[in-house]
Student: 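Dropping a structure here in structure tokens format, bear with me for questions.
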Protein chains: 2
Amino acid sequence: MSEGDEWPTGRLLSTAARLVEHAWDDVLTGYGLTHSRLVILHLLAAGPATQRELARRSGLEEQTMGRMLRGMEEHGQVLRERDPADRRRSVVTATDEGRRALAAVVGSTSADDLLADVLGGSGHDAEEFRATLLHVVRHFSERRWPQGRGAGAAGDDPPAG
Amino acid sequence: MSEGDEWPTGRLLSTAARLVEHAWDDVLTGYGLTHSRLVILHLLAAGPATQRELARRSGLEEQTMGRMLRGMEEHGQVLRERDPADRRRSVVTATDEGRRALAAVVGSTSADDLLADVLGGSGHDAEEFRATLLHVVRHFSERRWPQGRGAGAAGDDPPAG
DNA sequence: GTACAACACTAAGCATGGTGAGCAATCGGC
DNA sequence: GCCGATTGCTCACCATGCTTAGTGTTGTAC
């Protein structure tokens with residue numbers, strides 16, 4: 001595709017995301033992961049969480065999260081157990097296999113490095129690009145789920161990575 | 001969602017794209033369009049085209065394009081007719097209704113303007129962001145479909161918008 | 001003129017996103 | 001203790017991407 005100049009920026013964004021996802025997938029498939037499951041394992045690395053928490057922290061709907069966790073459970077990457085103290089809740093934990101997969105991907109040359117290379121080698125500022133994306137995500141998240149989606153948002157920010 | 005700092009840039013890209021799509025959808029739904037159909041109508045504004053051309057020019061698979069065109073046909077936004085000169089081909093044309101919808105959206109305050117405002121009002125350079133996205137799209141497109149996907153790519157670029 | 005390759009499109013099925021509806025467990029006011 | 005509201009999750013279905021495997025049409029080599 002050599003087009004693109006005329007596209008709305010929003011469509012450029014979607015297309016870029018799709019293409020980078022494909023590049024990621026090439027890497028991840030070898031580790032039994034997908035683009036989105038990686039984020040879940042990443043969140044779980046900090047400790048067990050409920051589905052609702054995971055959904056909120058990754059910006060997905062709970063239904064979507066539930067389905068993805070079911071798939072991951074079938075693949076032995078996470079464990080879901082009812083919380084005995086509140087049986088509405090599922091407590092989600094990463095299994096050893098899930099942790100292994102995450103560590104393997106993080107330790108490998110990732111598509112993110114590839115992306116950084118693509119940008120850096122062409123006069124584009126990868127850090128600035130990232131900062132702009134983060135700004136867009138935060139702004140539109142706030143627009144979509146005002147004040148942290150009903151949950152306490154204060155103190156929820158992770159340490160800057 | 002107040003997270004994001006730790007995410008891989010690829011995931012940031014996907015999330016940003018999803019959020020901006022939602023913002024677009026809020027605008028587009030009122031005009032009977034969706035995010036992706038807008039691009040098709042935009043391409044058709046230059047004149048009729050075959051499904052294959054549309055797919056190539058928008059970076060989608062032909063199957064995806066076929067399904068989307070079927071939906072648009074059912075909604076009266078495009079017309080598909082077999083090319084009498086080559087009955088393998090479908091010639092796709094925008095209907096009056098499709099053109100009207102496109103004109104209405106283009107004439108309205110679009111989510112793209114919103115995006116530009118969000119960036120411009122915060123010290124981020126919207127033009128630079130766009131240029132970087134375009135670079136990413138072109139690089140990864142080339143990676144995915146080397147040399148213009150088998151079709152003649154030369155002279156295919158649109159005038160810069 | 002007939003077989004074979006290429007082309008344009010369709011069909012079916014998977015993945016990941018969304019939505020609305022609904023169910024069981026829990027909590028709170030009385 | 002009971003009833004209604006809330007919470008946490010599931011089900012069912014839609015949209016838009018993808019892939020693999022067709023179907024029918026055209027072009028070409030012999």
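Reminder, nothing fancy here: chain letters follow the sequence lines and each chain counts from 1. Given the structure is predicted, the values throughout are model-derived calculations rather than measurements. Values reported hereafter were calculated over all heavy atoms of this structure, with side chains retained and with hydrogens, waters and symmetry mates removed.
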Student: Over how many whole Å does the gap from A:Leu38 atom CG to C:dT16 atom P extend?
Tutor: 12 Å

Student: Okay, side chain of A:Arg144, backbone of B:Leu19: is any donor-acceptor separation there less than 3.5 Å?
Tutor: no

Student: Rounded to whole Å, how long is the line connecting atom CE of B:Met68 with atom P of C:dC9?
Tutor: 15 Å

Student: Any side-chain heavy atom of A:Leu133 within less than 4.5 Å of one from B:Thr9?
Tutor: yes

Student: Could you tell me the separation between the CG atom of B:Asp86 and the C1' atom of C:dA6, rounded to a whole number of Å?
Tutor: 12 Å

Student: Classify the nucleic acid contact of B:Arg18 as base, sugar-phosphate or nothing, counting any heavy atom under 4.0 Å across all strands shown.
Tutor: sugar-phosphate

Student: Between B:Arg82 and A:Thr64, who's closer to the 5' end of DNA chain C by nearest nucleotide?
Tutor: B:Arg82

Student: Is there, by distance only and without an angle test, a donor paired with an acceptor across the side chain of B:Glu61 and the base of D:dG17 below 3.5 Å?
Tutor: no

Student: State which residue, out of B:Val39, B:Thr93, B:Thr95, B:Val78, fulfils the side-chain contact (heavy atoms from CB on, under 4.5 Å) condition with B:Leu44.
Tutor: B:Val78

Student: NA contact type, B:Met65, heavy-atom cut-off 4.0 Å: base, sugar-phosphate, or nothing?
Tutor: nothing

Student: Quick one: which of D:dC9, D:dG17, C:dA12 gets closest to the side chain of B:Leu60?
Tutor: D:dG17

Student: Looking at C:dA8, I'd like to know if its phosphate oxygens (OP1 or OP2) sit under 4.0 Å from a side-chain N or O belonging to B:Ser90.
Tutor: no

Student: For D:dA15, take OP1 and OP2 only and decide whether either is under 4.0 Å from a side-chain N or O of B:Thr34.
Tutor: no

Student: Using whole Å, report how far CH2 of A:Trp24 lies from P of C:dT16.
Tutor: 15 Å

Student: Does A:Arg80 have a side-chain nitrogen or oxygen under 4.0 Å from the phosphate oxygens OP1 or OP2 of D:dT10?
Tutor: yes

Student: Can you tell me how far C1' of C:dA25 sits from CZ of A:Arg52, to the nearest Å?
Tutor: 13 Å

Student: Can you check whether B:Gln51 has a side-chain N or O nearer than 4.0 Å to OP1 or OP2 of C:dT10?
Tutor: yes

Student: Just checking A:Glu21: base, sugar-phosphate only, or nothing, at a heavy-atom cut-off of under 4.0 Å?
Tutor: nothing

Student: Which sits closer to the 5' end of DNA chain D, A:Arg70 or B:Gln63, going by the nucleotide each is nearest to?
Tutor: A:Arg70

Student: Rounding to a whole Å, what distance do you find between A:Leu19:CG and D:dG17:P?
Tutor: 12 Å

Student: With nearest nucleotides of DNA chain D determined for B:His35 and A:Gly66 from heavy-atom distances, which residue corresponds to the more 5′ nucleotide?
Tutor: A:Gly66

Student: Between C1' on D:dT16 and NE2 on A:His22, what's the gap in Å once rounded to a whole number?
Tutor: 12 Å

Student: Which nucleotide, C:dT16, D:dG17, D:dG8, lies nearest any side-chain atom of A:Ser36?
Tutor: C:dT16

Student: Checking contacts here: which listed nucleotide (D:dC18, D:dT26, C:dT16) is nearest the side-chain heavy atoms of B:Arg88?
Tutor: D:dT26

Student: So, A:Arg89 versus A:Thr50: side-chain donor-acceptor pair below 3.5 Å or not?
Tutor: no

Student: In whole Å, what is the span from the CG atom of B:Leu28 to the C1' atom of C:dG18?
Tutor: 16 Å

Student: Nearest to the side chain of B:Arg144, heavy atoms from C-beta on, is which of D:dC18, D:dT16, C:dC9?
Tutor: D:dC18

Student: Under a plain distance cut-off of 3.5 Å, with no hydrogens placed, do B:Gln51 and B:Arg80 share a side-chain donor-acceptor pair?
Tutor: yes

Student: On DNA chain C, check which nucleotide each of A:Arg87 and A:Arg67 is closest to and give me the residue with the more 5' one.
Tutor: A:Arg67

Student: May I ask you to decide if the ring planes of B:His35 and B:Trp24 are parallel, tilted or perpendicular, using 30° and 60° as cut-offs?
Tutor: perpendicular

